[in-house]
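Okay, structure first, notes after.
Note on naming: letters A, B, ... go to the chains in the order of the sequence lines (proteins, then strands), and numbering restarts at 1 for each one.
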Amino acid sequence: MDKIRTRFAPSPTGFMHIGNLRTALYSYLFAKKNGGSFILRIEDTDKERYVEGAEDVIYRTLKTSGIKTDEGPREGGAFAPYVQSERQSIGIYKKYAEELIRRGGAYYCFCTKERLEGLTDKNGVRTYDKHCLKLTKEEVEANLKKGMPYVIRQNIPKDTATVYNDLVFGEISVDSNDLEDNILIKSDGMPTYNFANVVDDRLMGITHVLRGVEYLSSTPKYNLMYDAFGWERPTYIHLQLIMKDAARKLSKRYGDANFEDFIKKGYLPHAIINYIALLGWSPKDNVEKMTMEELISNFSVEGLSRSCSIFDENKMRWLNSLYIKEMPPEEFAAAAESFIKESKANGFCHKKIAKLLHTRTEILSDIPGLIDFIAEFYDAGFDTSLFVNQKWKTDGALAKRILESYLDEIAPAEFTEEGLNGFFAALAEKNGLKKGQVLWCVRIAVTGRAATPGGATEMLDLLGFAESGKRIRYAIEKLGAS
RNA sequence: GGCCCUAUGGUCAAGUGGUCAAGACAUCGCCCUUUCACGGCGGUAACGGGAGUUCGAACCUCCCUAGGGUCACCA
């Protein structure tokens with residue numbers, strides 16, 4: 001069997017959608033699993049949609065994702081060029097279009113826009129009526145000589161059942177009468193996706209085509225083209241859609257599907273890759289956290305799902321937290337730094353903050369919210385009802401007593417963990433309380449928050465002796481006022 | 001509307017004729033923790049509906065319903 005070759009063929013829209021990324025991922029995994037090659041081809045045949053710098057986005061995304069292309073515009077390869085506009089300019093598509101015409105698989109069409117519009121039926125659906133197929137060779141020659149604008153259309157045979165076997169969906173059968181004679185070469189001379197795709201896949205030796213389900217029902221058209229050329233068809237692997245919710249697919253329109261946006265939100269690239277790998281595919285042994293190498297070795301087409309899946313950011317957060325926890329402390333501190341700065345917690349030890357945050361951070365952008373009490377304590381408005389805790393049987397009155405006692409007893413000593421522990425034990429004993437009651441109240445007093453990235457001793461240590469005392473006094477004041 | 005595809009808990013999903021229908025996220029509870037988390041343990045929760053085939057159906061067939069895709073000089 002020939003070496004397996006897959007490709008990822010995005011159009012340069014300047015935007016790398018999560019769904020597209022997953023298609024690239026699966027194509028990559030499939031190729032690597034089978035010892036094959038993964039090729040990148042840029043499909044820029046639509047001049048109107050072209051976006052400057054879009055190729056950079058594609059390369060950047062693939063690179064940070066850990067997906068390595070074996071051949072492509074920048075890597076080069078035996079089948080260069082890998083950009084369709086460049087291939088067009090050296091006449092590849094025209095040559096093959098003409099060959100297809102000779103073989104009866106395509107024909108020139110000179111129909112005007114007006115005539116085409118007249119073909120629209122009551123449902124607003126327009127189907128071309130093969131009008132120009134009736135033109136004689138002489139008529140075509142004459143029209144061409146006159147310089148009449150033309151397109152080249154695929155000639156779909158009538159009354160043929162086209163059948164193919166998709167590796168995910170199984171046998172797909174479509175009546176050729178339901179297929180239209182689509183345009184292969186546009187009037188500007190550029191090939192359409194339909195045509196360029198087939199020609200390039202063939203020329204680049206692509207053996208397995210992985211693409212979205214939106215092509216499932218039009219694949220017979222591609223197959224008919226392969227047949228007309230006398231080429232062997234590739235194997236198809238169609239991938240189900242990723243949805244935002246039950247009714248809407250994930251899309252650029254909702255601004256919720258961009259890989260780079262997730263990176264900005266503080267997701268680790270591999271956490272995203274790991275998560276989307278699991279969306280629509282499940283490994284046999286049910287493992288969820290996998291390195292790229294493990295994804296490759298575990299990947300199998302049988303695990304691909306036929307039904308669409310809803311993107312669940314919650315689960316991606318969970319995976320991300322797993323990857324964050326296994327980062328070395330220094331690495332986490334470095335990654336967290338800009339988010340800590342954002343919280344305006346300047347003047348406090350960032351290293352200490354990072355240490356506290358490490359096991360409590362799911363995504364990096366949670367960080368400012370987790371530690372906003374450091375900088376915004378006095379502006380946040382102190383909620384004294386937080387002192388009321390059923391488990392610890394504490395309330396405002398008790399809190400006030402504890403805090404006043406804290407101020408009486410606290411020695412201007414070093415804030416060491418040991419020292420603080422001893423101090424709190426003594427404080428609890430003196431007041432006839434449980435240590436937990438004291439700690440709960442003190443922690444609330446210095447942070448104003450029910451949930452904090454650390455316990456009372458850690459918060460005191462972080463804020464320091466002077467600031468802690470100031471906050472305790474502030475809390476007492478608030479309690480007195482209430 | 002025509003054609004194509006899909007249907008297991010809130011979500012991702014195992015499952016391919018005999019299971020008390022896995023597992024994960026989320027959620028809830030308990031434990032650990034002197035306090036917040038992390039972590040550990042456990043609970044709640046599903047085969048869209050109806051016929052049929054079969055001794056037996058989440059798995060096979062048909063119909064219905066629901067959802068999605070597609071019908072461009074866009075990819």
Euclidean distance for C1', B:rC41 against B:rC62 (whole angstrom): 48 Å
Spacing of A:K284 atom NZ and A:F299 atom CZ [to the nearest 0.5 Å]: 10.5 Å
Suppose you measure atom C1' in B:rU44 against the same atom in B:rC36; what distance do you get, rounded to whole Å? 27 Å
Are A:R317 and A:D366 within salt-bridge range, i.e. N to O under 4.0 Å? yes
Only one of A:N182, A:T45, A:L100 clears side chain to side chain contact (heavy atoms under 4.5 Å, CB included) with A:F195; which? A:L100
Watson-Crick or G-U counterpart of B:rG42, or none if no pair lies under 3.5 Å: B:rC28
Distance between C1' atoms of B:rU19 and B:rC47 (Å, rounded): 13 Å
Under 3.5 Å on both distances, the Watson-Crick or G-U partner of B:rC73: none
Give the B/S/- string for nucleotides 70-75 of chain B, one per nucleotide from 5' to 3', where a protein heavy atom under 4.0 Å of the base yields B, of only the sugar-phosphate yields S, and otherwise -. SSSBBB
With heavy atoms under 4.0 Å as the rule, sort A:K284 into base, sugar-phosphate or nothing. nothing
Could you work out the separation of B:rU16 and B:rU61 based on their C1' atoms and round it to a whole Å? 16 Å
Can a salt bridge be assigned to the pair A:K113 and A:E117 using a cut-off of 4.0 Å between side-chain N and carboxylate O? no
B:rG23 pairs with, by Watson-Crick or G-U criteria that keep both distances under 3.5 Å: B:rC12
Residue whose closest nucleotide on RNA chain B lies nearer the 5' end, A:N314 versus A:R22: A:R22
Could you check A:E288 against A:L279 and say which one's nearest nucleotide on RNA chain B is further toward the 5' end? A:L279
Could you work out, with side chain to side chain contact (heavy atoms under 4.5 Å, CB included) as the rule, every residue matching A:A336, not counting sequence neighbours? A:F332, A:I340, A:I367
One thing to verify: whether A:D166 and A:R306 come together as a salt bridge, which I'm taking to mean a side-chain N less than 4.0 angstrom from a carboxylate O. no
Look at A:W318 and B:rC25 and indicate whether a side-chain polar atom (N or O) is within less than 4.0 Å of OP1 or OP2. yes
Using the P atom on both, measure B:rA7 against B:rG15 and round to a whole Å. 13 Å
Say we look at B:rG48 and B:rA14: how far apart would their P atoms be, to the nearest angstrom? 15 Å
Could A:K249 and A:E214 be called an ion pair, given the rule that one side-chain N must be under 4.0 Å from one carboxylate O? no
P atom, B:rC74 versus B:rG68: distance in rounded Å? 27 Å
